[in-house]
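Values reported hereafter were calculated over all heavy atoms of this structure, with side chains retained and with hydrogens, waters and symmetry mates removed. Residue numbers begin at 1 in each chain, while the letters A, B, ... track the order of the sequences. Since this is a predicted model, take the numbers as computed values, not measurements.
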Number of protein chains: 2
Amino acid sequence: MAGMLRSMVLAGLVAASGVSGAHAGEPVDLDMVARIRQEAFARSQAPANLKELTETVGPRLTNSPAYARSTEWAKAKLQGYGLANVHEEVYDPAFGRGWEYRASRVEMLSPRQMPIHAAPKAWTPGTQGQVEGEVVKAALKTREDLEKHKGQLRGKIVLLDDARKYKPNDKPDFRRHSHDDLGELQTFPVPEDAEEGAQQKRLAEYRKRQEFSRELNAFLAEEGVLATLSISSWDNGILRVTGGGSRKAGEAAGVTELVVAAEHYNQLVRAVERKQDVRLRLDIDAGFTSEEDLPASNVFADLPGGSKADEVVVIGAHLDSWHTGTGASDNGAGVVVMMEAMRILKAVGAKPKRTIRLALWGGEEQGLHGSAGYVAKYLADWPEPTDPEQKALPRAFQRGTGPLQRKRGYDRFAGYFNFDNGTGRIRGIYAQENHAVVPIFKAWLEPFHDLGAEIVTTRNTGSTDHVSFDRVGLPGFQFVQDPADYFTRVHHTHLDTYDHVVPEDLKQAAAIIASFAWHAANRDERLPRKPFRDRDE
Amino acid sequence: MAGMLRSMVLAGLVAASGVSGAHAGEPVDLDMVARIRQEAFARSQAPANLKELTETVGPRLTNSPAYARSTEWAKAKLQGYGLANVHEEVYDPAFGRGWEYRASRVEMLSPRQMPIHAAPKAWTPGTQGQVEGEVVKAALKTREDLEKHKGQLRGKIVLLDDARKYKPNDKPDFRRHSHDDLGELQTFPVPEDAEEGAQQKRLAEYRKRQEFSRELNAFLAEEGVLATLSISSWDNGILRVTGGGSRKAGEAAGVTELVVAAEHYNQLVRAVERKQDVRLRLDIDAGFTSEEDLPASNVFADLPGGSKADEVVVIGAHLDSWHTGTGASDNGAGVVVMMEAMRILKAVGAKPKRTIRLALWGGEEQGLHGSAGYVAKYLADWPEPTDPEQKALPRAFQRGTGPLQRKRGYDRFAGYFNFDNGTGRIRGIYAQENHAVVPIFKAWLEPFHDLGAEIVTTRNTGSTDHVSFDRVGLPGFQFVQDPADYFTRVHHTHLDTYDHVVPEDLKQAAAIIASFAWHAANRDERLPRKPFRDRDE
């Protein structure tokens, strides 16, 4: 212990980088940093684990058979690392039905023969073998649209979208943040006033969309539509596919819903528009793997704390993915980085004061369900909402009736760190307007400036599991990552595969996160919290 | 006529652009330029024609049924424009067999189920229905490789390539030439001395490759290999596919050869390398449409000349394409631009002194066969080669035995212009080291500076049909075009579709080419020629 104490330096005093002295006084354990970096760079298991996870387990749609295989895979690995309390825990006893994607064959038969690149939305039925049908175009966006097309669509394959003009990207597809980008990211845009009632309006619209989607599913099935086709939201042959139908037992799952590569979709629309006889053959081998809603679970593993073992630092990423790629950047990368951070800490013999917990979340892609379930159970929750707009929302976005109920773990919670913006290496961290953590994180990042991790921005970021913590006033953070090709090639696409991940990025991230977890677990005080304002307080 | 003469100005004298006076004296018919531009921009048929050609006719592999449809389509259009001498002419009575691609279904069955994006190389046999097999990896690059694997590959699906690391593009996928690019393009790199015997060595290697490829085809068929898989030469899910097997009746076409998307191919290699049991199901609906070698043809149409009708200016592009996209950039764009240039000239009532001939070439993708056949028949040719290295080459690259034989049309030939570098708009022209044409082309380009067409570079460019003219010492030129996404997305890929073409670029190119054809047909002298040095002179 003495050696460690000797090497604890006041990072602010040794900083040679010209960073202001704002973080003077925050101790950084440079001996541990060195040990972590060595382990992370010389003996990384992250790339090999990612290959296994994405290619022997495969993509991991929540509650699919492959998701179940992935929890087994993760638990075995974590047990192998000697971590404690490795277990799977249900966050929703009836999340939804299992579903699996096996094969997709789509061919134009007329006006000429050509193969079509397409993939089904999750939780829509397959075709039960080979089917053929005429292609027609029909916008089905309102009840009036449904009324108008009633009785006309039996046996048809329906193009729901217009053709879309190709938009070339004027930036390179794969990018690292420039110094200008990082500078810009450190400015805080003062928020505009929200329009009066905007939030309520958005909620009402969301509920309306949900309701219409149920009506549409029922309509499509009743009318005997063979399948619907939508245009992929990205060009260049990329299939960008999420969910459709319904995962809930007892709800109409509708008909086969396919997302089609833009370059192929546009050809179908134009052929229909020039009144050619357009026919497709479909054979979509995909569908439900359970009749009933199955329980959905997260995976946990602990590096137990010492003197403050009941205070917990959580590091996490989501184990679930969409189904057309292999879920490598989203979020296999995060999973193996977080597992690796735990492995490193164990391997270097770290004995943290507080408990460091790994969480691998499920149901992130459907609305942060796994992390929200954990927070609600152990940290804080609102009483069940009564408002119908609120009830329609995924749990992680609901505000219940009455003030936040703090659970036993709330006060003892010591911080959450998340990695879910693709493969891109860590360039800093979002402080989520928690100004008190800024100097702390600046100090912790200093030994990683040489790896490109430099900035602490006061900005907020969203769309992943730290939000489940942040919204109840707990310190939950996502790192600033290089954009890489996350939003040009791989996010929710069939190209989200191992090859698009940069192994060196995974090693860098694991080192930084291991260090952050160590420092959060060992500093005198738990991480400071920002002022929390409940809507009912 | 008087009006036209009045508007003929000495372009060098009116140039306000600071271009040197090198082209002073070359007359430019600005009245005709204005009429051409108006017709090109207000009433263009190029985009609509491209849609028809690529989507109602489809991709146009030489000698495929769709190629035959495309010649009919083109002749009907050209007759509709009122052009003369619209006809199809055979350049090779036995070019090869017909072949067609209809559908491709490839699925991994083990170790897990997933669809694989793949397409067959042209002139390889389909699978005659659904087949399944184990996937193995075997480099088959030498006779020793064949010997080594003899008897081991029956019923197997063979991965021929290693996995390949993903290489992100650090430039935008779609680019226009910057002023710096255009400046650079105007410098002439003095050629390095070729290594002694380098040319002969290359020829010998080419012949060796051809011979080995025949042996490999025979080996694969004899051994009962189910199919071979190669990795697509570009990443990002793009299928970049040309020919394999053999198009020649009587030659072994080998077995099904598939090109697989890199992101899928790499997964197969890694699964085999980790000794998993990898199985695929294939159903490739593709194959030969004739038993015998068929004749192959070009399409021609003339705008007949007046006082010098027997002197001919040719403008051309190639009608054939590869088979996985729809041949839109390569070279549907060129085809409709050239047809449009003819339409414009006819529509504005142009009465050229020399004949302006449109040529739509076949067999370009297999080695400039259509244009080489035309040149050999009407302009110049070498006596049949006797050297086996030469005999192995495609005709357009052969040098025969003895000196060049000039045909009747040689002296009267007045120039060839080609457009085959994708959708990118014209930014200038390659003078192919013909220094005497530089001031002439500078003058002709001047009224198109406002459309971005500015430079004349003395550099050579190759790989398309102007080479067939250039190599016999005739003035044949290809334009400098914006790169667009030609070499990042569409060249020989399944993304070479209408959507990746920019309609405005087609209009610009048609206007410039109509004007070039007009000026080449009407200037006092034929275009000057560069010194020609036959290898035997």
Region of [X] in contact with chain A, defined by heavy-atom distances below 4.5 Å:
X      : value
B/D170 : backbone
B/T54  : backbone
B/V57  : backbone
B/R176 : neither
B/D283 : neither
B/L239 : side chain
B/Q276 : side chain
B/D485 : side chain

[X] and [Y] ion-paired at < 4.0 Å:
X      : Y      : answer
B/R281 : A/D285 : no
A/E107 : B/R102 : no
B/E55  : A/R274 : yes

TODO: Measure up the A/H117 and B/H117 rings against each other and bin them: parallel (under 30°), tilted (30 to 60°), perpendicular (over 60°).
DONE: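 Rings of A/H117 and B/H117: parallel, as their planes differ by under 30°.
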Open item on the list: Just so I understand: if I count every heavy-atom pair under 4.5 Å between each of A/D173, A/I116, A/V501, A/T324 and chain B, which residue has the most?
Closed with: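 Winner by heavy-atom pair count: A/D173.
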Task: Contact winner vs chain B - A/N266, A/N236, A/T497, heavy-atom pairs under 4.5 Å - done: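 That would be A/N236.
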Going from [atom1] on [X] to [atom2] on [Y], what distance comes out if it is rounded to the nearest 0.5 angstrom?
X      : Y      : atom1 : atom2 : value
A/F174 : B/K167 : CZ    : NZ    : 14.0 Å
B/H323 : A/M114 : NE2   : CE    : 12.5 Å
A/D235 : B/L495 : CG    : CG    : 9.5 Å

Open item on the list: Please find the pair of heavy atoms, one from A/R112 and one from B/P59, that lie closest to each other, and give the distance.
Closed with: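 Heavy atoms only, the tightest pair is NH1-CD, 3.3 Å.
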Task: Candidate list B/Q267, B/K165, B/R164, B/R270, test side chain to side chain donor-acceptor pair (under 3.5 Å), partner A/D499, passing option - done: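 In the set B/Q267, B/K165, B/R164, B/R270, the residue that makes a side chain to side chain donor-acceptor pair (under 3.5 Å) with A/D499 is B/R270.
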TODO: Compare all side-chain heavy atoms of B/R105 with those of A/S104 and state whether any distance is below 4.5 angstrom.
DONE: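 Side-chain contact under 4.5 Å: no.
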